[in-house]
Amino acid sequence: MKEVVLSGIRSTGHLHLGNYFGALRNFVQMQHEYRCYFFVADWHSLTTHPTPEDHQGNVRTVISEYLACGIDPDVATLYVQSDVPEIAELYLLLNMNAYVGELERTTTFKEKVRKQPENVNAGLLTYPVLMAADIIIHKANKVPVGKDQEQNLEMARKFAKRFNRIYGVDFFIEPKGYSFSGKLIKIPGLDGSGKMGKSEGNALNLADDPEVIRQKVMRAVTDAGPTHENQTPPEPIQNLFQLMEVASQPDVIAYYRKQYAECKIRYGEMKSQLADDLIRLTAPIRERITDIQGDEEYLRKIVRQGAEKARESASKTLREVKEIMGFKPF
Ligand code: TRP
């Protein structure tokens, strides 16, 4: 029996280069080794983005971008969360064994209370319960998540264990994190510090047009230049070199490193080269995104097929859960 990998992404924006090198590129390989579930967490997006006019488009964007990165819907199960009502039902049931106190203490909740004090909805509070339902409904045991989601995954483990304890069963397995470790390439942002992230406004999206990529790269933070030979570049310049490492040819990188070491670097020229290389790197993905986005019929077929596969697994788990909890047909 293959191990089960699961990952979800909220439909609140575009996938960026950091998502690609941090996760998607690895998923493409993993889909052949494991039973993989990839989905668009559109219910989760309602906790922060309750905008009906954008909903469908956002979901479509993320599905198209997953596909363009190389997720094969005939191999992995690629679906939209809201197409699987079994998840909502399991979420309802799990809520009965989730405590308000522990939910209020999660850091992601406290952060959201700070960020959107005008909209502290119950969905934000129970966000970890819905995420637990996403995961355990397919009995996933490998869940690749970033640092910011580790606590939510810990909660999922807690809910799974608690279910087993309360009902005296050995039903849910504990979902573990999954680290790409060696295979992980960290992509820095363009604002001089930290990693690329969609909420940071420092990201290069996979769907960005060449002109947009060029603009963003040309505006990336730099400094006044090295003051003495062979100096270690500060973070903003390190970041540009790091982006070159993924996008540029070795001789190009060596050339600019030498220019820097000899204090002859011209950042404008380096960024222009970097922009060219990033545009070349992302072009095939961008083209696939455009093609897929334009193919209504293909998208409809993929989403329908994904929902069907996901519901097959989800309904089996839900049926067993209800039986364990004492629901019996009359
Ligand atoms: N909370 C995750 C995020 O914001 C998205 C998500 C929802 C998820 N359900 C999940 C991730 C289940 C992994 C597993 O990134």
Side-chain angles (χ1 to χ4, degrees), residues 3-16 18-20 22-24 26-27 30-31 34-50 55 58-59 61-63 65-66 71 76-91 94-95 98 103 106-112 115-116 121 123-160 172-180 184 195-200 203 306 310 313-314 317:
E3 291 192 279
V4 180
V5 170
L6 176 139
S7 172
I9 187 153
R10 272 177 302 141
S11 47
T12 54
H14 288 279
L15 294 182
H16 54 69
N19 295 131
Y20 183 69
L24 264 299
N26 294 314
F27 291 164
M30 289 169 90
Q31 62 187 342
Y34 302 103
R35 196 145 65 86
C36 287
Y37 293 90
F38 302 121
F39 71 98
V40 184
D42 61 339
W43 278 327
H44 277 113
S45 74
L46 295 179
T47 61
T48 56
H49 290 61
H55 193 87
N58 290 344
V59 170
T61 297
V62 181
I63 287 280
E65 293 178 356
Y66 263 118
I71 300 297
T77 301
L78 176 64
Y79 61 101
V80 181
Q81 184 185 40
S82 64
D83 282 340
V84 186
E86 290 80 6
I87 298 169
E89 192 170 344
L90 180 59
Y91 162 65
L94 291 177
N95 266 322
L103 296 171
T106 57
T107 42
T108 39
F109 177 67
K110 288 194 278 193
E111 198 177 302
K112 284 293 182 329
K115 276 199 189 150
Q116 52 178 62
N121 58 75
L124 276 179
L125 184 68
T126 57
Y127 188 113
V129 187
L130 180 55
M131 185 159 155
D134 287 331
I135 297 168
I136 67 182
I137 203 150
H138 299 300
K139 304 215 175 144
N141 57 341
K142 283 181 159 28
V143 184
V145 290
K147 270 246 163 307
D148 60 321
Q149 295 295 315
E150 266 167 19
Q151 194 181 25
N152 283 339
L153 186 56
E154 181 63 43
M155 303 281 280
R157 261 196 294 280
K158 199 189 265 188
F159 297 140
F172 284 123
I173 48 163
E174 284 181 49
K176 298 255 165 45
Y178 181 83
S179 154
F180 301 115
L184 196 77
K195 63 173 198 169
M196 191 173 281
K198 70 178 153 199
S199 49
E200 328 303 329
S313 151
T317 305

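Given the structure is predicted, the values throughout are model-derived calculations rather than measurements. Both ligands and their constituent atoms are indexed starting at 1 by order of listing.
For Glu174, there are no salt bridge (Lys or Arg N to Asp or Glu O under 4.0 Å) partners, not counting sequence neighbours. Every residue two or more places apart in sequence or in another chain was checked for a salt bridge (Lys or Arg N to Asp or Glu O under 4.0 Å) with Arg10, and none qualifies. When the ring-ring contact (aromatic ring centres under 6.0 Å, His included) test is applied to Tyr66, no partner is found at least two apart in sequence or on another chain.
Under 3.5 Å, the side chains of Tyr91 and Thr126 contain a donor-acceptor pair of N or O atoms. For Asp42 and Ser11, the side-chain atoms include no donor-acceptor pair closer than 3.5 Å.
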Write out each pair where an N or O from ligand 1 and one from the protein are under 3.5 Å apart, with the distance.
{"from": "ligand 1", "atom 1": "1 (N)", "to": "Tyr127", "atom 2": "OH", "distance (Å)": "2.7"}
{"from": "ligand 1", "atom 1": "1 (N)", "to": "Gln149", "atom 2": "OE1", "distance (Å)": "2.9"}
{"from": "ligand 1", "atom 1": "4 (O)", "to": "Arg10", "atom 2": "NE", "distance (Å)": "3.0"}
{"from": "ligand 1", "atom 1": "4 (O)", "to": "Arg10", "atom 2": "NH2", "distance (Å)": "3.3"}
{"from": "ligand 1", "atom 1": "4 (O)", "to": "Tyr127", "atom 2": "OH", "distance (Å)": "3.2"}
{"from": "ligand 1", "atom 1": "4 (O)", "to": "Gln149", "atom 2": "NE2", "distance (Å)": "3.4"}
{"from": "ligand 1", "atom 1": "9 (N)", "to": "Asp134", "atom 2": "OD2", "distance (Å)": "2.7"}

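From Thr77, atom OG1 reaches atom CD1 of Ile71 across 11.0 Å, with rounding to the nearest 0.5 Å.
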